[in-house]
Amino acid sequence: MQTEPNVKIDQPEAAAEDFEVIQADPKQEIWRRLKKDKIAVAGGCILVVVILLSLAAPYLTSYNPNVVNMADRLLPLGSPGHILGTDHLGRDMLTRLLYGGRISVAIGFTAVAIAMFFGILIGLLAGYYKGFFDILAMRFIDILMAFPYVLLAIAIIAALGPGLLNAMIAISIVGIPYYARIVRGTVLSLREQEYIEAQKALGASDLRILFKHILPNALSPIIVAATLDVGWMIIAASGMSFLGLGAQPPMAEWGVMLSDGKDFLRVAPHISLLPGMAIFMVVLSLNLLGDGLRDALDPRLKQ
Amino acid sequence: MLVLGLMVLAVAGCGGEEQALEDTQIIIGLQAEPTTLDPAQLTDYNSSRAAMEMYDSLIRFKDGSTELEPGLATEWEISDDGLEYTFKLRQGVKFHDGTPFDADAVKFNIDRQIDPEHPYHDTGEFGYADFTFGMVEEVVVVDAETVKIILNEPFAPFLGNMAMNSASMVSPEAIKEYGKDISQNPVGTGPFKFVSWNPGVEVILEKNEDCWRGAPNVDRLIFRPIVEDQTRLTELEAGNIDFIVGIPPDDLERLKDDADLQVVEQPGMHTWYVALNCQRPPFNDVRVRQAVNYAINKEAIVDNILKGTGVLAKNILPPVIWSYTDDVQDYSYNPEKARELLKEAGYDESMTIDFYVPKSGSGMQQPVTMATAIQSDLEAVGIKTNIQQLEWGTYLDKMFQPVDKSDVLMHELSWLGDNGDPDNFLYILLSGEQWPTNGFNEGFYKNPEVDKLLKEARIISDQDKRVELYQQAQKLIMADSPLVVVDHETQIVAMKKKIKGFELHPTGVFRFDKVSIE
Amino acid sequence: MLNYILKRLLALIPVLIGVSILVFLILHLSPGDPAQIMLGTKATQQSLDALREQLGLDLPLHQQYFQWITNVLKGDWGRSIQLKREVLPLVLTRFKATATLAVFAGIIAITFGVLAGIVSATKQYSLWDRLLMFLALVGFCLPVFWLGLILQVIFGLKLNWLPVSGMYPPGQTGLGNMLKFLILPGFSLATASMAEIARMTRSSMLEVIRQDYIRTARAKGLPERVVIYSHALRNALIPVITVVGMQIGFLLSGAVLVEIVFGWPGIGTLMVNGILARDFPLVQGTILFVATTYVFVNLIVDIVYAFLDPRISYN
């Protein structure tokens, strides 16, 4: 459960270096196809660069993202000492963007990881054991799906109270139904098949059958969906911040920065334009990568 | 984008933009939708600004100040024991629905709020009833033009209470007709009368030709809720609306330079402060409290963070309230002195104090940013604080615990004045009788001498004597430094230049009755 | 078919019960005393007690739920603490505004999305295709509230073509007066859906164009326009309809953000204000109403599919 979620996406890249010669490996084949997709590669590169930059933030800037310096407020782009200017409290924009990237990207990935974990768990158990648990679980999923996406998140925040953590929990819950449904569908279609029956007869444990033989068949759509979802979660989290329901100032988070900046749209547009562009870039790169992954995993869909 | 452009042209082409200009109107952009137009239920500015154009009370605040003048009462008399207030009512005044205003209406309006047995007591939540009329024993109708209000104890600020929003006169017939929906169907005696309320869109009022104060010059007022500050600003600058509130500090300069616009400002009845728990170490030592006061650079907070949306406070009482004096101990920024005092008091520098801060809240201005500045000032003199942010609701719960249950040492809060009387700040916030859960002295300050002065000033009715007592109290309180007062928030509005004669009022309501349009 | 509809309707009952329980619990999962939070500092003990009684806060939880749900079914949705109005009529008025905005945005999204998709597909790899698909990708990745603010500055302030907030000119009503006010919020809301529909239309069209019957039609010498619009498009649109159905949820969600930016007097503004003001009867009412509506809209969409697509079996 605790696997770093972004490993899932980075893995193929790492794996590629090691197994370049083995042509028969299906993973290898997918990687080969993905590598040929220049747009997807570009998306992946942007994402990796953003992650690396935000991780390296303390080495790239000497400013503290939260320390207020009222003497230097609202400096424009290209000011000496502040390449990207400062915000309304005199905080260095570059620094806040870098540190903000940590939180925003982490929220996106963590929320997706939580949604995936519970979605997969519910889907596997419901599909495999059927019966009462299945009915209960699917009713629960139906109830979640009875709310339009963001509204479900808002409803959850209404109960838990505003805040970054609560907003993240809320948007992860919104993501659960999709994964649960994919996985359950796959389990249902596979569980009666001969080779699964054969495994059972050989005395394989339920756990082994579920994770070794069934789950891998659902992985392609899950990975593609997860990649696209991370972008959606980042936008959703920033939307919550914009409504005052998510991360709260003075935290450096792109959504907070954007909504802080909206009050200075005329005086100092860069305060909201920069985090807006940062969100846009990351979501764009995730979409490019996700589209590429979809094509690579299932070449029949490629036009 | 291209498509959007085409669409715009299409619409612009077919929409004839003629406007009938024979009648004058002012469109006001509010920060949020009014919640009620019943004066007895008002608790926020967006509502009172729209509602109070329609009402009068027996006594009025004068334009631009909290001094009192006759309203629906032409004269009044206070008995020697300070318990009986007899009001002579203005004759011939009619509510907008044509029913006459008389002594029965006064009794009805007050009883409705304070008497649980009153048949129309269930027509609303009267948040201010206890504050305004809590000391009222009985309202007696002497004759149609005379009403007598009997108090259960002498209470000098009572006349001020009679000028508060909640003491406005609503048509009893209308309350009987609409019940709880009086909120949306207001009927008063004021210069404007209600036309319509399209929820979320606008509240429309039109002039009352028969107003006893004379008909206003403007034909119509339209109040529109526009939540986003930037959107409201854009609407004003684009010329779609005439008048806005809630101007972002950084846009203020630009608006002032705009040839078509004017900005009007006035300090409000508001004080923003940090409260220190006077009953617990380290703040039970007056030297530590004074040190905190010297250590905080209040000037810098006002200049840099509030940027002209607040004025530096020297005293707990805002300058707009009578008896205000700035002849009190001066706590200008002086970190040296702070360090000295701390040393003298033997302050333990290894201590870390939790500083409670709401994430937002009414009158709190920029709670987190201001707290951050205060935190770094205190750190500079060796007082380490931990900012604890709470939601407004939870926050208030925690701040208003009784003294034996409270573990809060330091927190920030603000107070908005109600009746323009010094009692409303000094007694409520600092009397030893007003510790939670009785009142709002959440720093548990208690100085018997101050208590005696405040108590006396609230009983006697000799105005000059009251001023003297309050000024003494202010000096004593500021020397004890139970609160660090930072600023008084400034009310700022911007409007088109064509609007003439608008004046802000310390209570925060707008008065458009004397405004004209060029 | 009728059987199918009935079965779907029956299946809704447990969902709606679940939704109502979730909505009911919102009030009880919040920290702090709800009455105190709702009434604020200057509230008296008396009004606190009155509110507690009104909300039934002293009863055991399940009794509170039954009391609440009985009232809801009877049409008594309580009174908003903050706005001092009956919740149900308020929610209905506000939802009308939201629905208008969402439908308008939906029409924009479908019209321009499908058009762009067709152009892209028929001119695959042309400059137009690349430009449109790039724009679609951009549109898909922009936070809707940010786009709204930027459109405000461009079209409201700099060009001064359009009003940036509200629903009607002062003192007026009616759909005709609303149009000018709909354009900016409508486009902001439509952008992401438009992009999604354009992408879906393109890929669906491309798939259809490659199929045999299109080749046959072309081989028969039918004009290209006839081939595209009467043969290919009809079949290509079935998957697009699925995507359009999915957009309903996105449009309703996005409307919340767009309404705040443009001061559109819809249910989203009402809901968010309710949450920030801790006005629980209002919050519960708005969420319950939107969720219930959404459930039924989805049902209708499913039934429409069932009609349109003979491949779906009703059993």
Side-chain angles (χ1 to χ4, degrees), chain A residues 39 135 139-162 174 228 231-232 234-236 238-245 254-255 258-259 261-263 265-266 269 272-273 275-277 279-288 291 301-303, chain C residues 11-12 14-19 21-23 25-32 121 124 137-138 140-147 149-150 152-153 157 202-203 206-207 210 248-257 260-261 268 271-272 274-276 280 283-284 286-287 290-292 294-295 298:
Chain A
I39 296 178
I135 294 172
R139 280 289 161 271
F140 174 66
I141 297 292
D142 283 345
I143 291 166
L144 290 187
M145 293 184 66
F147 296 88
Y149 322 84
V150 171
L151 292 200
L152 176 57
I154 291 180
I156 296 167
I157 295 171
L160 301 177
V174 177
L228 298 172
W232 187 82
I234 291 176
I235 288 192
S238 72
M240 293 299 123
S241 302
F242 174 79
L243 294 176
L245 304 176
W254 288 344
L258 206 161
S259 65
K262 72 173 197 289
D263 293 335
L265 210 54
R266 237 84 66 59
S272 63
L273 287 177
M277 308 233 298
I279 294 176
F280 169 67
M281 285 300 287
V282 169
V283 177
L284 184 70
S285 69
L286 282 159
N287 271 293
L288 296 175
D291 285 352
L301 290 176
K302 189 166 167 63
Q303 270 90 52
Chain C
L12 285 189
V15 173
L16 289 174
I17 294 176
V19 167
I21 293 177
L22 266 189
V23 170
L25 285 176
I26 288 173
L27 174 61
H28 297 274
L29 291 172
S30 319
Q124 200 186 359
L137 194 59
V138 170
F140 193 63
C141 301
L142 283 176
V144 53
F145 53 99
W146 189 62
L147 176 68
L149 288 168
I150 289 176
Q152 271 186 0
V153 171
L157 191 76
R202 177 179 182 271
S203 63
L206 286 174
E207 201 168 317
R210 269 191 229 116
I248 295 171
F250 280 113
L251 288 175
L252 280 175
S253 299
V256 176
L257 294 152
I260 300 270
V261 173
M271 184 185 300
V272 173
I275 292 175
L276 295 175
F280 289 108
V283 173
Q284 290 179 320
T286 48
I287 294 178
V290 175
T292 313
Y294 185 56
V295 167
N298 274 335

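Naming convention: chains lettered A, B, ... in sequence-line order (proteins, then strands); numbering from 1 in each chain.
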Heavy-atom distance under 4.5 Å to chain C: side chain of [X], backbone, both or neither?
X	result
A:Leu258	side chain
A:Met281	neither
A:Leu288	side chain

Say you draw a straight line from [atom1] of [X] to [atom2] of [Y]; how long is it, rounded to the nearest 0.5 Å?
X	Y	atom1	atom2	answer
C:Leu252	A:Phe147	CG	CZ	13.0 Å
C:Phe145	A:Ser272	CZ	OG	10.0 Å
A:Leu284	C:Leu142	CG	CG	9.5 Å
C:Ile287	A:Leu151	CD1	CG	7.5 Å
A:Asp142	C:Leu12	CG	CG	9.0 Å
C:Cys141	A:Ile235	SG	CD1	6.5 Å

Does the ring center of C:Phe250 lie less than 6.0 Å from the ring center of A:Tyr149? yes

Please check if the number of heavy atoms outside A:Ile39 that lie under 6.0 Å from its CD1 is greater than 12. no

Which bit of [X] is near chain A, if near means a heavy-atom gap under 4.5 Å: side chain, backbone, both or neither?
X	result
C:Val19	both
C:Val153	side chain
C:Val23	side chain
C:Leu149	both

Nearest non-hydrogen partners of [X] and [Y], listed with the distance:
X	Y	value
C:Leu137	A:Asn287	CD1-CB, 4.2 Å
C:Gly18	A:Ile143	CA-CD1, 3.3 Å
A:Ala158	C:Val283	CB-CG1, 3.9 Å
C:Ser253	A:Pro148	OG-C, 3.7 Å

Side-chain (C:Trp146) to main-chain (A:Pro275) donor-acceptor, under 3.5 angstrom: no

Do you know which of [options] has the most heavy-atom pairs under 4.5 Å to chain C?
options	result
A:Ile279, A:Ile157, A:Asp291, A:Leu243	A:Leu243
A:Ala153, A:Gly231, A:Gly239, A:Gly261	A:Gly239
A:Gly255, A:Pro269, A:Ser238	A:Ser238

Let's go through A:Phe280 and C:Val138 carefully: what are the C-alpha distance in whole Å and the side-chain angles of both, what is the deciding distance for side-chain contact (heavy atoms from CB on, under 4.5 Å) to 0.1 Å, and is it a yes or a no? CA-CA 8 Å; A:Phe280 169 67; C:Val138 170; 3.7 Å; yes

What do the steps show when you test A:Ile156 against C:Leu22 for side-chain contact (heavy atoms from CB on, under 4.5 Å), and what is the final call? CA-CA 9 Å; A:Ile156 296 167; C:Leu22 266 189; over 6 Å; no

